[in-house]
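Every value quoted in this text rests on a predicted model; they were computed, and no experiment measured them. Lettering follows sequence order; numbering is per chain, from 1.
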Number of protein chains: 2
Amino acid sequence: MIRLVLVEDEALVRLGLRQLLAFDARIDVVADAANGLEGLALIELERPDVVLMDVRLPGLSGVEVLKAMRAKGLATPVILITTFDEEAAFLQAMHAGANAFLRKDISLEDLRAAIDAALAGERVFRPAITQVAQRRLFEMKASFPAAVLPDPLTPREIEVLRLMAAGLSNKEIAESLHAGEATVKTHASSILSKIGVRDRTRAVLKGLELGYI
Amino acid sequence: MIRLVLVEDEALVRLGLRQLLAFDARIDVVADAANGLEGLALIELERPDVVLMDVRLPGLSGVEVLKAMRAKGLATPVILITTFDEEAAFLQAMHAGANAFLRKDISLEDLRAAIDAALAGERVFRPAITQVAQRRLFEMKASFPAAVLPDPLTPREIEVLRLMAAGLSNKEIAESLHAGEATVKTHASSILSKIGVRDRTRAVLKGLELGYI
DNA sequence: CTGCGCCTCCGCCAAAAGGGGGAGACGCAA
DNA sequence: TTGCGTCTCCCCCTTTTGGCGGAGGCGCAG
């Protein structure tokens, strides 16, 4: 019996995944969690054979849970799932040692194959991953992994990004943060260059994708 | 037996909903569809007692399917579900004659109650709807319904909005559409005023919310 | 035929955004 | 102590955005 822990915040998706997994008699979903912190605790408690986890979660993200697991010496295979193609999260997940990275619109076969491969210690990223991400993967293997990983935003930058997403202008953000507009512009420029976009519209979208917002 | 047609594009959510509905022995999910067009065809074919449908769907949106149903004289109760609070879609759904409008993070009890109420011809919008939307609902009842409904975007404006969301500048959008930058600026301004935002960042977010993107 | 909505563009103008570089203050870790 | 990163702010500059009014063409419904 394959003992699996499921971490997924959206109840319907969680139900859907349980249902999907129920089709495979070898798999036993021993526990599920709706957020990262709870998930991490459950994983430590249950010591499952494999973890199926959403990338975007309230509190700790899937990638953060994965990092925490690895930091604690837990080598449990982890399969990350995501709603959209999240290239940056994908790269971070790769780096953090995820065993698979799948989109939510996968078939049962893909999921089963990913679980089998993960149990065997393989790392699969084929099903439903963007070609862009695949190409980046090669680049990553060929160069320094850290070089292609997105520069993490500082706490202040994340605040600014979130206020950007709320539709505030730099001046309004400055007022909101009790800082000068020049400061906000500095942060804004830094955010844009870090996440590799050239305007705030894309920054917000990308921030959404990266889980910052 | 309550014959129900389920229209939901995301496979996992569809599975989750089927699973949720399976807990109620009275309900028989006679068919499901993954897009609006297919959903509409199935509804016409199956003539179910109630329709459970996502608002955002590929091709025809849930609201559009609902309008098409009503235009064809189908009075089948329709329960719309949505991932986020989508105020505009909510108002449109109200206007189009939806029987319920629920968020996806509902409980089985809420869903069951909504189905029962819908079958009885009631119109419920209580569970999990924003207070803003509730307030607007009262305003709507008190004034002309059309007055609070957001001005629909023209096809060209939708194209522009989508390119905005792709992070293109007005000039790039112009090139992409083989039009002048001035034209794009006109469309852009029109979009902003129609959806009631003051910059493209919020326009994209709102567009996402309204299902335009 | 006459509106009306949509798409196409103009000009003008103010505001906002974004890039460049520089710089001081702070705290923290090597 | 000496970096290093972060946060703060300044300058100057170009580009972009968005609001304003105006206008012609086109197709479609009343």
Nearest-Å distance for atom pair CD/P, residues Glu157(B) and dG18(D): 14 Å
Protein-nucleotide distance (Leu153(A), atom CG; dC7(D), atom C1'), rounded to Å: 15 Å
Ser169(A) side-chain proximity, nearest of dG19(C), dT17(D), dA17(C): dA17(C)
Separation of atom CD in Glu181(B) from atom P in dG18(D), rounded to whole Å: 12 Å
Sugar-phosphate only, base, or nothing, as touched by Thr183(A) at under 4.0 Å among non-hydrogen atoms: base
Sugar-phosphate, base or nothing in reach of Thr154(A), heavy atoms under 4.0 Å: sugar-phosphate
Verdict with supporting geometry, Arg56(B) and Glu64(B), salt bridge (charged side-chain N to carboxylate O under 4.0 Å, His left out): CA-CA 10 Å; Arg56(B) 195 169 322 175; Glu64(B) 286 168 331; over 6 Å; no
Length of the line joining Ile195(A):CD1 and dG18(C):P, which is rounded to integer Å: 11 Å
Whole-Å distance separating the CG atom of Asp199(B) from the P atom of dG18(C): 10 Å
Value in whole Å for how far the P atom of dG18(C) lies from CG of Leu161(A): 12 Å
Interatomic distance where NE2 belongs to His187(B) and C1' belongs to dC7(C) [whole Å]: 5 Å
Which nucleotide in dC9(C), dC7(D), dC7(C) has an atom nearest any side-chain atom of Pro155(B): dC7(C)
Of the listed nucleotides dG18(C), dG18(D), dT8(C), the one nearest the side chain of Arg200(A): dG18(C)
Check: dC7(C) base within 3.5 Å donor-acceptor of Thr186(B) side chain: no
Closest-nucleotide 5' rank along DNA chain C - winner of Lys185(B) and Ala179(B): Ala179(B)
Interatomic distance where CG belongs to Asn170(A) and C1' belongs to dG19(C) [whole Å]: 13 Å
Which atom of Leu161(B) lies closest to which atom of Ala203(B), heavy atoms considered: CD1-O, 3.8 Å
